[in-house]
Protein chains: 2
Amino acid sequence: MRRSEVTRPYELSVAAAARAIRARELSPVELLESVLGRIEEVEPRLGAYTAVMAEPARRSALTAEREAAEGRFRGPLHGIPVALKDLIDVAGTATTASSRVRAGHRAQSDSAVAARLAAAGAVLVGKTHTHEFAYGLTTPQTANAWDGGRVAGGSSGGSAVAVAAGAAPFALGTDTGGSIRVPAALNGVVGLKPTYGLVPRHGVTSLSWSLDHVGPLTRTVEDAALVLPALTGHDPGEPASLAPGGAGGHLDERGTDLTGLRVGVPLNYYFDRVEAEVEDAVRRAVERLADLGARPVEVEIPMTRYVQATQWGLMVPEATAYHERTLRTVPDRYADDVRILLEAGELMPAGDYLRAQRAQTLMRQAWIRLFDEVDVIVAPTVPAVAVPAGQETLAWPDGTVESVSDAYVRLSAPANITGVPSLSVPVGHDRAGLPIGMQLLGRPLAEAELLRVGLAYERSVPVRALAPVL
Amino acid sequence: MRRSEVTRPYELSVAAAARAIRARELSPVELLESVLGRIEEVEPRLGAYTAVMAEPARRSALTAEREAAEGRFRGPLHGIPVALKDLIDVAGTATTASSRVRAGHRAQSDSAVAARLAAAGAVLVGKTHTHEFAYGLTTPQTANAWDGGRVAGGSSGGSAVAVAAGAAPFALGTDTGGSIRVPAALNGVVGLKPTYGLVPRHGVTSLSWSLDHVGPLTRTVEDAALVLPALTGHDPGEPASLAPGGAGGHLDERGTDLTGLRVGVPLNYYFDRVEAEVEDAVRRAVERLADLGARPVEVEIPMTRYVQATQWGLMVPEATAYHERTLRTVPDRYADDVRILLEAGELMPAGDYLRAQRAQTLMRQAWIRLFDEVDVIVAPTVPAVAVPAGQETLAWPDGTVESVSDAYVRLSAPANITGVPSLSVPVGHDRAGLPIGMQLLGRPLAEAELLRVGLAYERSVPVRALAPVL
């Protein structure tokens with residue numbers, strides 16, 4: 001994305017804005033005001049934010065501007081506005097989780113990721129809507145950036161929509177079954193669910209500790225590669241955090257020549273019950289990767305019939321355990337869909353949970369063996385585009401009917417169960433103009449490889465415009 | 001233990017027998033026949049063995065003898081008879097688990113530990129009784145080696161009794177809540193529960209994979225130090241197996257001078273509701289360690305009120321999951337006590353299990369911090385000596401009444417939950433002549449330290465005789 005006479009600052013990618021700030025062609029204050037103006041313009045139609053923190057952001061931007069004037073840059077994101085999914089604690093502000101349960105909440109201290117972004121120079125512009133407590137795939141408060149009558153996807157719907165619409169240069173989300181990648185795909189932005197344990201979760205409201213991940217939503221793959229290293233690194237306070245030295249992240253130095261890269265194309269599961277236009281777009285993207293030198297290899301995905309039971313078997317009781325107290329004291333403050341799921345968790349027997357844990361272990365091992373045969377796997381992120389708000393089911397040509405939630409999570413959940421990284425990249429639109437996403441999956445800590453492949457693809461296709469916010 | 005004119009081969013320690021075999025002063029056949037003779041003499045009163053494999057053992061001993069004659073020694077246990085708890089698979093033989101459920105069973109291949117012992121030169125002499133499927137603390141088929149009217153302890157009761165009585169130079173057991181250390185203490189032998197993951201469990205019938213350990217029972221600490229290295233080392237087939245390089249085991253080179261060693265003496269938990277003679281014996285042992293140069297340090301044991309709930313919360317549903325099929329098809333083949341426990345597991349909610357997992361994580365962290373202050377912790381292994389067979393409860397001076405199982409597991413379970421190594425060492429007898437055990441606990445992979453301290457203690461006290469088998 002090149003900055004032209006007609007490009008307004010909020011339209012800049014993170015990489016372009018960071019370069020301009022460092023070259024002193026753009027001031028952090030100017031960038032922030034442009035973003036705040038865009039928020040004002042589109043927010044009434046989108047409902048992406050739970051809170052816009054204009055005044056604290058202005059103070060931060062002013063500090064960043066003064067520092068830049070003195071030639072001091074905190075880090076690679078110096079002066080770049082960021083929006084955080086409202087599950088992520090920021091000291092002194094509410095973490096609403098888009099829930100009435102959190103009325104009067106105030107976080108005591110910064111989450112690990114909020115602190116790391118601040119250290120890298122980012123300027124917090126606001127908090128974004130989540131499906132209540134991340135326990136759903138639509139984010140009902142927020143409208144899709146490309147069609148206001150359609151769902152944003154979720155649970156990081158606010159983050160995806162804000163980034164797609166130019167209301168934030170980048171954002172963070174969380175992903176337990178697809179909650180970064182699903183809204184990224186449905187709004188035409190890039191979403192990265194890193195390797196399990198790579199990005200610390202301290203200070204982020206938990207949905208399911210066996211499956212929860214934190215990661216970035218950006219407009220370009222290049223931006224994701226810029227943001228990720230600011231988030232990674234061992235957190236000694238978190239049992240699941242990967243040890244020092246286990247960091248992926250920085251863009252692979254081999255560049256975008258994909259010669260010899262083995263791209264796995266699933267024979268089963270990932271193209272079953274997928275809309276024809278979605279399948280076509282992803283298969284065209286595979287051809288594009290082949291044009292860039294990659295070698296498509298057919299792969300059989302293992303243990304797929306355990307995906308749904310494992311995902312729900314882990315998530316349901318863990319979510320209920322987290323909400324145990326408030327479920328007893330203030331059950332009526334939850335939305336009905338979330339309360340019903342939480343109550344269901346109280347009835348689940350221990351045997352189902354431990355079988356899910358064992359299936360997770362076996363699935364992880366089977367997937368790691370899969371990456372002996374291929375370097376990355378390409379698949380649709382979501383089997384369908386954004387549905388109209390209120391639509392609850394999808395009917396497939398084979399006669400089956402699936403809930404929207406089950407369909408939206410179906411192709412993204414394997415990466416949560418196995419912990420492998422997954423990068424969702426936009427691969428065009430359907431005839432109605434709705435975005436389609438492709439996910440690239442890799443072995444644990446292969447973020448650099450995924451970003452390299454995503455970047456190669458991104459550079460081979462036309463520059464995308466911001467969502468028109470219709 | 002020095003070999004004198006009147007010492008018969010079965011009385012020899014593993015170390016003494018191994019030295020004699022290597023010096024060609026003792027033949028493996030002579031040793032085996034001596035052990036088989038002792039088995040014939042005491043087994044009618046003890047009931048330690050499920051099967052004595054005299055003929056296969058004779059063939060193995062003959063091979064070992066021929067190899068020794070040619071100067072070839074397979075390993076440190078060349079020609080030493082061993083008994084295996086009958087949960088441990090040996091190819092071509094039944095693993096009965098002391099249960100009618102296993103009627104007609106035949107193991108297809110060796111367990112990892114059986115294969116490793118064979119590779120180290122050991123000669124399998126038989127399989128020993130366990131409390132059915134290791135799910136109990138008494139081993140009702142077996143009598144205590146020191147008093148035939150009292151319980152053997154369990155679940156590795158057969159192994160402990162065989163070793164105590166001279167019916168096996170050493171044996172293996174398994175330990176989920178204390179099942180190596182409890183019978184070791186109650187029969188006056190040494191029992192080592194290694195660090196979680198140090199000794200592979202492949203081919204060993206599972207009770208609770210979060211808590212199960214395999215380890216040796218021997219008559220001396222020196223013997224435990226000799227046997228352990230033959231068992232350790234990474235097993236790539238087992239998810240919980242520690243990675244290569246993580247091996248503890250070999251006896252620490254610093255010898256038995258304990259100058260400067262910080263010995264933690266618990267202020268809470270480990271001396272509560274403990275028989276006076278047990279407490280006295282353990283405190284005398286602490287004084288003995290102080291005489292050897294160690295410095296006693298009072299320590300507060302963390303999170304003790306979670307021990308019982310965590311132990312049961314992990315074990316009950318995992319045991320039920322393992323027995324799921326046979327519990328449905330042949331429930332009547334289980335003993336009542338075990339069937340009732342297994343059926344209870346079907347009713348346990350997932351929330352209880354995952355809370356137990358979280359408590360385990362927190363308890364492990366708290367215990368590891370404890371070892372910043374001390375090098376080892378000393379405590380009674382079991383709060384009471386062996387009770388008369390059939391006795392179901394223990395009444396304490398504070399007015400509380402506790403089931404024998406709850407009492408026997410109470411002081412050993414923390415090492416299973418936290419995974420830290422624990423070595424039980426005999427520290428004398430009560431006035432009725434019943435053995436008392438002290439446990440030494442250390443940080444993960446500190447087996448060498450525990451063995452060093454145990455050896456220092458052992459060398460400072462009179463040589464113990466075999467159990468008289470009354």
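Naming: A, B, ... by sequence-line order, numbering from 1 per chain. Hydrogens, waters and symmetry mates play no part in the numbers below; they use all other heavy atoms, side chains included.
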If one checks every heavy atom of B:Arg358 against chain A at 4.5 Å, the contacting part turns out to be side chain

With a 3.5 Å distance limit and no angle check, can you tell me whether B:Asn268 reaches the backbone of B:Glu300 through a side-chain donor-acceptor pair?
no

Which atoms of A:Thr320 are under 4.5 Å from chain B, going by heavy atoms: the side chain, the backbone, both sets, or neither?
neither

Pick one of side chain, backbone, both or neither for B:Gln357, based on which atoms fall under 4.5 Å of a heavy atom in chain A.
side chain

Roughly how far, to the nearest 0.5 Å, is CD1 of A:Ile88 from OG1 of A:Thr174?
6.5 Å

Is the shortest side-chain heavy-atom distance between A:Tyr269 and A:Pro414 below 4.5 Å?
yes

Does A:Arg339 come within less than 4.0 Å of A:Asp336, counting only side-chain N to carboxylate O?
yes

Give the member of B:Gly351, B:Ala321, B:Ala350, B:Pro239 that has the highest number of heavy-atom pairs under 4.5 Å with chain A.
B:Ala350

